[in-house]
Amino acid sequence: MDVALSPLRTVRQFFIRQFARLLTKPLKNYTSRFPNNLEALKRHIRKGDIILVEGEQRISEVIKYLTQSSWSHAAIYVGDELMRRHLPQAGQLQATFGNEAKFLLVEALVDEGVVAAPLSKYINFNIRVCRPHNLRKDHLQLILNDIVGQLGYTYDLQNVFDLARYFLPVSLVPRRFRRKALQFGSGLPTQVICSSMIASAF
């Protein structure tokens, strides 16, 4: 049974990845509303802070439409946590980002999965920093443990397929399927989207 389904899964994954390429194409009319000060951000941001991003990809517009929000992406700030823990990827991060490896985000991306990135990555984007209220140190440690443990997970490509459907006029979706169309993702524990990764950690 599994052998017979394998080619179908391969074809399905191919089409989902094609949708992913379509959705991650950058928009031409992105507007940065306020300049960001990287040095000031580094001074004030804390581990566990959530950075909301107004993205510049096609998928960003779909997410903003569905959520009725200005924000389309979320990342969590972990600072020097990966370097402090001497994780296997710490050396590579140090080599790639230099001193910026002390100021890292963790995020889930369509094409890369759950990865670490420097805080400076979104400095030219419209962003907002959200701080959890009264977050205890022991709770923060649990959150960071969970986030670090998700590094390397893949992005939930079923979610990409779900989002791609919203490029179709609603009238093309049969009425009986419209409610189901609001259900996202595969639900697999090692496949995540940016918000579910952070939500599960908290």
Side-chain angles (χ1 to χ4, degrees), residues 13 16-17 20-21 23-24 36-57 59-60 63 71-125 127-160 184-202:
Q13 288 295 312
I16 289 177
R17 292 186 186 281
R21 290 194 183 94
L23 291 171
T24 54
N36 296 310
N37 185 317
L38 180 59
E39 294 309 313
L41 185 58
K42 287 179 179 178
R43 286 196 301 271
H44 294 289
I45 198 166
R46 299 177 189 170
K47 292 179 182 180
D49 285 355
I50 307 301
I51 296 184
L52 302 180
V53 183
E54 183 183 19
E56 42 75 61
Q57 299 175 337
I59 194 172
S60 307
I63 293 171
W71 315 107
S72 59
H73 182 59
I76 184 167
Y77 183 70
V78 299
D80 64 350
E81 196 68 20
L82 303 184
M83 312 306 295
R84 190 178 62 80
R85 297 185 183 208
H86 304 291
L87 296 179
Q89 60 266 52
Q92 182 179 355
L93 291 170
Q94 182 76 55
T96 303
F97 302 130
N99 192 54
E100 294 300 303
K102 297 178 182 177
F103 305 94
L104 292 179
L105 310 166
V106 173
E107 58 183 346
L109 302 175
V110 171
D111 50 350
E112 298 179 55
V114 181
V115 296
L119 179 62
S120 58
K121 176 179 179 179
Y122 293 113
I123 202 63
N124 294 320
F125 287 70
I127 61 174
R128 174 174 291 173
V129 177
C130 300
R131 179 160 297 156
H133 183 61
N134 287 338
L135 183 62
R136 288 168 26 186
K137 287 185 178 181
D138 55 331
H139 288 171
L140 173 60
Q141 198 59 47
L142 290 173
I143 290 167
L144 293 175
N145 290 345
D146 192 285
I147 290 294
V148 169
Q150 294 192 59
L151 284 168
Y153 282 13
T154 57
Y155 194 91
D156 191 345
L157 292 179
Q158 177 63 44
N159 187 65
V160 173
F184 293 105
S186 65
L188 297 177
T190 56
Q191 294 185 342
V192 298
I193 58 175
C194 62
S195 55
S196 68
M197 176 191 72
I198 295 171
S200 67
F202 276 88

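The analysis underlying the following values was restricted to heavy atoms, covering all of them including side chains, and did not include hydrogens, waters or symmetry mates. A quick note: this is a predicted structure, and the numbers were derived from the prediction, not measured.
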Any heavy-atom pair between the side chains of [Y] and [X] that's under 4.5 Å?
| X | Y | result |
| --- | --- | --- |
| M197 | Y153 | no |
| Q150 | S200 | yes |
| E100 | K42 | yes |
| Q89 | V115 | no |
| Y77 | V129 | no |
| L52 | S72 | no |
| V148 | V106 | no |
| K47 | Q141 | no |

Working to the nearest 0.5 Å, report the span between [atom1] of [X] and [atom2] of [Y].
| X | Y | atom1 | atom2 | value |
| --- | --- | --- | --- | --- |
| L41 | L119 | CG | CG | 4.5 Å |
| K102 | L82 | NZ | CG | 14.0 Å |
| T154 | E112 | OG1 | CD | 13.0 Å |
| I147 | F202 | CD1 | CZ | 7.5 Å |
| R43 | N37 | CZ | CG | 6.5 Å |
| L151 | E107 | CG | CD | 11.0 Å |

For L109 and H73, run side-chain contact (heavy atoms from CB on, under 4.5 Å): C-alpha distance rounded to whole Å, both residues' side-chain angles, the deciding distance at 0.1 Å, then the answer. CA-CA 9 Å; L109 302 175; H73 182 59; 3.9 Å; yes
Assess the side chains of R85 and N145: does a donor N or O sit below 3.5 Å from an acceptor N or O? yes
Taking all non-hydrogen atoms of both residues, which atom of [X] and which atom of [Y] are closest, and how far apart?
| X | Y | value |
| --- | --- | --- |
| I143 | A201 | CG1-O, 3.6 Å |
| I50 | A74 | CG2-CB, 4.3 Å |
| Y122 | I127 | O-CG2, 3.6 Å |

Determine whether more than 12 heavy atoms belonging to other residues, nucleotides or ligands lie under 6.0 Å from atom CZ of R46. no
CZ of R128: more than 12 outside heavy atoms within 6.0 angstrom? no
Side chain N36, main chain L38, donor-acceptor under 3.5 Å: no
